[in-house]
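Written below as structure tokens is the structure these notes are about.
Heads up: numbering here begins at 1 and tracks the sequence. Keep in mind that the numbers below use all heavy atoms, side chains included, and drop hydrogens, waters and symmetry copies. This is a predicted model, so every value here is computed, not measured.
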Amino acid sequence: MSSAVRPQPDPLRIGVIGVGNMGQHHTRVLSLLKDVELVGISDLNLERGIDTASKYRIKFFENYIDLLPHVDAVCIAVPTRLHHEVGITCLRYGVHVLVEKPIAASISEAESLVNAAAECQCILQVGHIERFNPAFQELSKVLRTEEILAVEADRMSPYSDRANDVSVVLDLMIHDIDLLLELTSSPIVRLTAAGSRSANSGYLDYVTATLGFANGIIATLTASKVTHRKQRRIAAHCKNSLTEADFLKNEILIHRKTTASCSADHGQVLYRQDGLIEKVYTSNIEPLHAELEHFVNCVRGGQPPSVGGEQALKALRLASLIEQLALDGHSWGQLDASLSTLTYA
């Protein structure tokens, strides 16, 4: 008896709008995904757009609006100032959207995108890619059984012309803001921030922020575009351990205190153990690959993404406040409505 063959779903038709640095990576990964048809791309830079389309043997659309009738979903990787304009057009056309972080250039624009996605019943996912980093996913699992006391996050880079239309808070720190809100699940009750800019920049290039949460956790976030060594690190100081995640090495180390033991020979100490270091192994999956697979599955299944518009809006609200405090040199220390909702609890 022959078994019935289940019909295979049609490939999900996806396009990429903006093929600069990040858009090139989106295009590469989408071209490799199973059950996905990379239909075409659009970019204001005609030479770059045509070259990219030729490389992947897909169609180039000079105007992204002409791409929309041919796709079910798009990845938007245009400059931040254009996120709202492009995103709202795609959503109103009935196209599902993955937009790079930050979700928009302002809180009002972000709210507009969130509302449009709900009205149009479209998926709106935001590219907070570190949520899909294997090191962060394993870190989250480890910390579920730990009592967190404090968190440190450092995100440093040398200066680059990439993403030079926003401050280091919206370019780099917003990643760790999103991760911190996910890890702490508690309202913020105190916040201070300070920053500086390089001589040739109109935006903040180095910012540090200290946050206090209602559950007692304190956190320090530092982001820099002017550090001559790339660094991506989160350390969680817990009651019974110190857990460090290095996103560049894809490595997690857990430091634990043990009962000191030693071996002696005629009164001479030969061996002493004061602590234990555990190494957590993580997968080697590319975070962008995992992020785009998640987007495709959400579009196919209709379920909300793990980092949707609401979560991205919370991260943007906090990032905007940190940026303002760093510019003004003020501290914030009263629990008001603007921060009491900055939690994923």
Side-chain angles (χ1 to χ4, degrees), residues 101 128-158 167-196 204-257 275-280 282 287 314-315 318-319 321-323 325-326 331-333 339 342-344:
K101 59 80 200 165
H128 284 279
I129 193 171
E130 293 289 34
R131 288 279 201 102
F132 299 90
N133 191 309
F136 176 73
Q137 294 185 339
E138 290 301 322
L139 175 68
S140 299
K141 293 176 186 176
V142 170
L143 295 181
R144 284 175 198 157
T145 59
E146 297 285 348
E147 182 181 340
I148 303 174
L149 304 176
V151 177
E152 300 172 33
D154 300 311
R155 190 166 292 262
M156 316 288 195
S157 290
S167 75
V168 71
V169 178
L170 294 182
D171 180 27
L172 297 180
M173 185 180 283
I174 196 165
H175 281 296
D176 294 320
I177 289 171
D178 175 64
L179 301 184
L180 182 64
L181 291 175
E182 175 73 3
L183 289 175
T184 54
S185 297
S186 178
I188 298 165
V189 294
R190 293 180 308 280
L191 173 62
T192 61
S196 63
L204 290 167
D205 294 314
Y206 185 100
V207 173
T208 184
T210 301
L211 303 90
F213 292 84
N215 60 6
I217 296 174
I218 59 170
T220 303
L221 306 179
T222 303
S224 170
K225 281 186 176 183
V226 290
T227 299
H228 297 279
R229 181 170 68 89
K230 192 172 182 178
Q231 186 172 332
R232 304 283 188 271
R233 170 185 170 270
I234 288 184
H237 299 260
C238 305
K239 189 173 182 179
N240 297 310
S241 69
L242 166 64
T243 302
E244 297 179 288
D246 189 319
F247 294 159
L248 295 180
K249 295 179 181 178
N250 198 21
E251 178 181 86
I252 296 176
L253 298 178
I254 306 173
H255 303 259
R256 301 187 190 277
K257 185 177 181 181
L276 178 68
I277 300 177
E278 303 171 20
K279 184 173 182 178
V280 179
T282 62
K314 289 177 181 178
L318 180 52
L321 183 56
I322 288 174
E323 185 178 60
L325 292 177
S331 62
W332 176 94
L339 283 184
L342 291 174
T343 171
Y344 293 155

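- Between Thr282 and Gln137 there is no side-chain heavy-atom pair separated by less than 4.5 Å.
- A salt bridge links Glu130 with Arg155; the closest basic N to acidic carboxylate O contact falls under 4.0 Å.
- Of all non-hydrogen atoms in Ala214 and Ser186, the two that sit nearest each other are N-OG, 3.4 Å.
- With Glu251 contributing its side chain and Ala245 its backbone, the two residues share no donor-acceptor pair below 3.5 Å.
- Using a 4.5 Å heavy-atom threshold, the side chains of Glu147 and Asn240 count as separate.
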Apply side chain to side chain contact (heavy atoms under 4.5 Å, CB included) to the pair Ile129 and His175, showing each step before the final yes or no. CA-CA 8 Å; Ile129 193 171; His175 281 296; 3.9 Å; yes

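- Between Leu143 atom CG and Glu182 atom CD the span is 11.5 Å, to the nearest 0.5 Å.
- In this structure, Asp246 CG and Ile252 CD1 are separated by 10.0 Å, a value rounded to the nearest 0.5 Å.
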Full working for side chain to side chain contact (heavy atoms under 4.5 Å, CB included) between Arg131 and Asp178: CA-CA 8 Å; Arg131 288 279 201 102; Asp178 175 64; 2.8 Å; yes

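- Looking at heavy atoms from C-beta onward, His255 lies in side-chain contact with Glu244 at the 4.5 angstrom threshold.
- Distance alone, capped at 3.5 Å, places no donor-acceptor pair between the Thr227 side chain and the Arg229 backbone.
- Heavy-atom neighbours of Ile218 CD1 from other residues, nucleotides or ligands within 6.0 Å: at or below the threshold of 12.
- The two residues Val226 and Tyr206 make their nearest non-hydrogen contact at CG2-CB, 4.4 Å.
- Between Arg233 and Glu152 there is a side-chain heavy-atom pair separated by less than 4.5 Å.
- Looking only at distances, no side-chain donor or acceptor of Lys279 sits under 3.5 Å from a matching main-chain atom of Ile254.
- Every residue was checked against the salt bridge (Lys or Arg N to Asp or Glu O under 4.0 Å) condition with Lys249, not counting sequence neighbours, and none meets it.
- The shortest heavy-atom contact between Asn250 and Ala135 is OD1-N, 3.4 Å.
- Contact record, Ala319 with Leu170: CB-CD2, 3.8 Å, taken as the closest heavy-atom pair.
- A 4.5 Å side-chain heavy-atom check between Leu318 and Leu191 finds at least one atom pair inside the cut-off.
- Listed here is the closest heavy atom pair of Ile148 and Leu183: CD1-O, 4.4 Å.
- Looking at every heavy atom in both residues, Glu146 comes nearest to Val142 through CG-O, 3.5 Å.
- In this structure, the separation between CG on Asn133 and OG on Ser140 is 10.0 Å, given to the nearest 0.5 Å.
- Using a 4.0 Å cut-off between charged nitrogen and carboxylate oxygen, Arg232 and Asp154 do not count as a salt-bridge pair.
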Hey, mind stepping through Arg256 and Ser241 against side chain to side chain contact (heavy atoms under 4.5 Å, CB included) and telling me if it holds? CA-CA 5 Å; Arg256 301 187 190 277; Ser241 69; 3.7 Å; yes

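- Using a distance-only test at 3.5 Å, with no hydrogens or angles considered, a donor-acceptor pair links the side chain of Ser167 to the main chain of Val169.
- In this structure, Leu221 CG and Ile174 CD1 are separated by 11.5 Å, a value rounded to the nearest 0.5 Å.
- One distance of note links OG1 of Thr222 with CG of Leu172; it measures 12.0 Å at 0.5 Å rounding.
- A distance of 5.5 Å separates CG in Leu179 from CZ in Phe247, rounded to the nearest 0.5 Å.
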